[in-house]
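Heads up: the structure comes next, in structure tokens.
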Amino acid sequence: MSGLNPSQRLAVEYTDGPLLVLAGAGSGKTRVITEKIAHLIASGRNEARHIAAITFTNKAAREMRERVARRVKGDKAEGLTISTFHSLGLRFLQVEHARAGLRRGFSIFDADDQLGVVKDLAPPGAKKDVVEGLRGLISKAKNLGLSPDQAAEAARSAREREAAALYARYQSRLQTFNAVDFDDLIRIPLELLETDAELAPAWRERLRYLLVDECQDTNGAQYRLLKQLAGPRGALTCVGDDDQSIYAWRGANPENLDTLATDYPALKVVKLEQNYRCSARILRCANTLIANNPHAHPKKLWSQHGDGEAVRVWACKDNAHEAERVAAEISYLHVAKEIPWNEFAILFRGNHQSRPLEKALQLLRVPYHLSGGTAFLERAEVKDALSWLRVLANPDDDAAFLRAIASPKREVGATTLEKLALLAQQSHQPLSKAADNISLLKQLTPRAANGLAEFSQVLHRLRENATRMAPADLVRDLVERSGLLAALRAQCKDNATFLRRKENLDELAQWFDSPRHGNRADAHASRGTGGIADLAAQLALLTHADRGEPGDQVRLMSLHGAKGLEFRVVFIVGCEDGTLPHEQAVAEGSLEEERRLFYVGITRAKERLVLSHGAQVARWGETQNLLPSRFFAELPAGDLQRDGADPELEQVQKKERGRAALKDLAAFFDG
DNA sequence: GGTGAGCTTCTTTAC
DNA sequence: GAAGCTCACC
């Protein structure tokens, strides 16, 4: 445990009670967590299998797993839990599925599946945004940890009562599908722990020490889950930084950091204020920027590092120009300064911004890795294949059935499916069973009945194979036999696109090959001889896995995805007003969160930071003129080096800004 | 009754 | 620039 500063050492060694570590960016927070895990094991206080470290993103979990593996050698780390909140909840449900009224092989519904269910329950003809809004209300209730009954009790207005009633119907629909949604992965374990007196002690016995990363990002349900697991003893270490709270939009409640002190009066608080990551100039940028936000826990982040390079600000013509400059700079630095590819990161506000960057990087043959959140699992061909797998594992999963039967297209359309749904409802069967029922099929047109029967047949054959095959082989088999591959080939205009999309399916199969995702504790489920149960377990984990390990590649990701990571060289592209801060966020009044997001991005950089903005930004086909981000005005001018700024361009921008200010002023007097 | 062409609309962010 | 939706055609 060498090389820890006094505060870090205190945070690592303090195991007498609940501890909150207020850790500034780059203050060695992950280090503290990994050291603490090592300390807990080495001191003999806890075996690894009784320790759980909880993170927010899969990326962060993987990062931590790697670091722990480096720090704790051999089988000492056996059974250690390092997972996201959602994976932990999933594991809980897999163990306690019976208490939750779920059967083995239950599905996890994503936002699309949820939307389908809500749409089905909403008044007929409800507009998309209404359906979307209702889904949001249900999600909100769940994030607060409310059950349908509790939501009904809490409802004050007619609208809320209506929403609560919908929530109840939505939940019973999910139940019949033998499915849960993402929010349920937290909410249901919480509900079980709070209501079942036997359950909580058992899980507290199993997880005796908790370490929680990014505590400021917990929502109400997650926080309560944490309290349930930690119990009154409060054997937990929470690590957080209110300046890096960037998930309020999905219900995160940074005030949980303060609530901790109320819930655990014995709470000890340690502040980590020495930054070990950034050069002094980068840190000054971060500090002066974030000083524009109000602060409940003021901290003064300092660094021993020298000034280092100035922070570059690039004014670019448009997205393409920006991307080319970034790619060229990376190429140059890689050769001239021998900086390995994986020490570069390009960060952006929205995932769609990666396109021009990819193009430019490909042109210069710069190897890169795009970690676009769930982008991979959202690919149409991947979702199709997954739907087939879901129906295989869970015959009750109507949402998956509906997608699978439509891909590839067979002569079954909306009308047939509506009829089938009616018949299924009358006979209390899931769609996949109804489609398999000869007497039911007789009530449909022969053409439709044939299509359904054919689908059932393929499904049967696949299911037979599933008992003999390893899941990965089953995926490969399925892609062929389902006709998905043939349909894909027919659908693609050229061979190159076909091969690219086929590659996604290959990658999907590979995922089932290795138990690299998830916890070690789950590994036993993925070995063995294959079969439906294994498939289901892997499938559930898969929905939560991050795309394969990046090698020595430049990393492209959203600012949200970059949290917890660090790189020698960081580019933040698209620093335009409207992109960052995002105009919708500004309209919603979340400027402070946008500022924190920028702060998170800046503090990822160790040595070099480039902030670039385009004058013209491609926005669905059209180009739009945008001004540089208002956040530039909040950075210390002395630490910035504006290069490539076109004076003419700046004049235009100044004028536009003047015009905008006038407009604001006029609006003020008008309103 | 099913399909596909062409229309609109949309894009934060993630588990 | 894709994914969804409407409408006309098979």
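Reminder, nothing fancy here: chain letters follow the sequence lines and each chain counts from 1.
Remark: P of B:dT13 and CG of A:N351 are 5 Å apart, rounded to the nearest angstrom. Nucleotide C:dG1 holds its C1' atom 16 Å from the CD atom of A:Q624, rounded to whole Å. With rounding to whole Å, A:F348 atom CZ is found 9 Å from B:dA14 atom P. The distance from atom CZ of A:R349 to atom C1' of B:dA14 is 12 Å, rounded to the nearest whole Å. Put simply, CD on A:E592 is 18 Å from C1' on B:dT13, counting in whole angstrom units. Distance A:N450 CG to B:dG2 P: 13 Å, rounded to the nearest Å. Atom pair A:L115:CG and B:dC10:P shows a separation of 15 Å (rounding to whole Å applied). The separation between A:F56 atom CZ and B:dT13 atom C1' is 14 Å, rounded to whole Å.
Using a cutoff of 4.0 Å between basic side-chain nitrogens and carboxylate oxygens, A:K383 and A:D110 are scored as salt-bridged. Between A:E593 and A:R596 there is a salt bridge, since at least one side-chain N of the basic residue sits less than 4.0 Å from a carboxylate O of the acidic one.
Taking the six-membered ring where the residue is Trp, A:F632 and A:F598 present perpendicular rings, their angle passing 60° and hence far from 30°.
The side chain of A:K119 contributes an N or O atom lying less than 4.0 Å from OP1 or OP2 of C:dC5. Between A:S558 and B:dA14 there is a side-chain N or O to OP1 or OP2 distance below 4.0 Å. For A:K419 and B:dG1, the shortest distance from a side-chain N or O to OP1 or OP2 is below 4.0 Å.
Both geometric conditions, a ring-centre gap below 5.5 Å and a plane tilt below 30°, are not fulfilled together for A:H560 over the base of B:dT13. A stacked arrangement is assigned to A:W249 and the six-membered base ring of B:dT13, with a centre-to-centre distance below 5.5 Å and an interplanar angle below 30°.
Note: A:W388 and A:F401 fail the aromatic proximity criterion, with ring centroids not under 6.0 Å apart.
A donor-acceptor pair under 3.5 Å is formed between the side chain of A:T603 and the backbone N or O of A:Y599.
In terms of position on DNA chain B, the residue among A:Q584 and A:F85 whose nearest nucleotide sits closer to the 5' end is A:Q584. Closest-nucleotide positions on DNA chain B for A:E594 and A:L417 were compared, and the one nearer the 5' end corresponds to A:L417.
A:E588 comes within 4.0 angstrom of a base, heavy atoms only.
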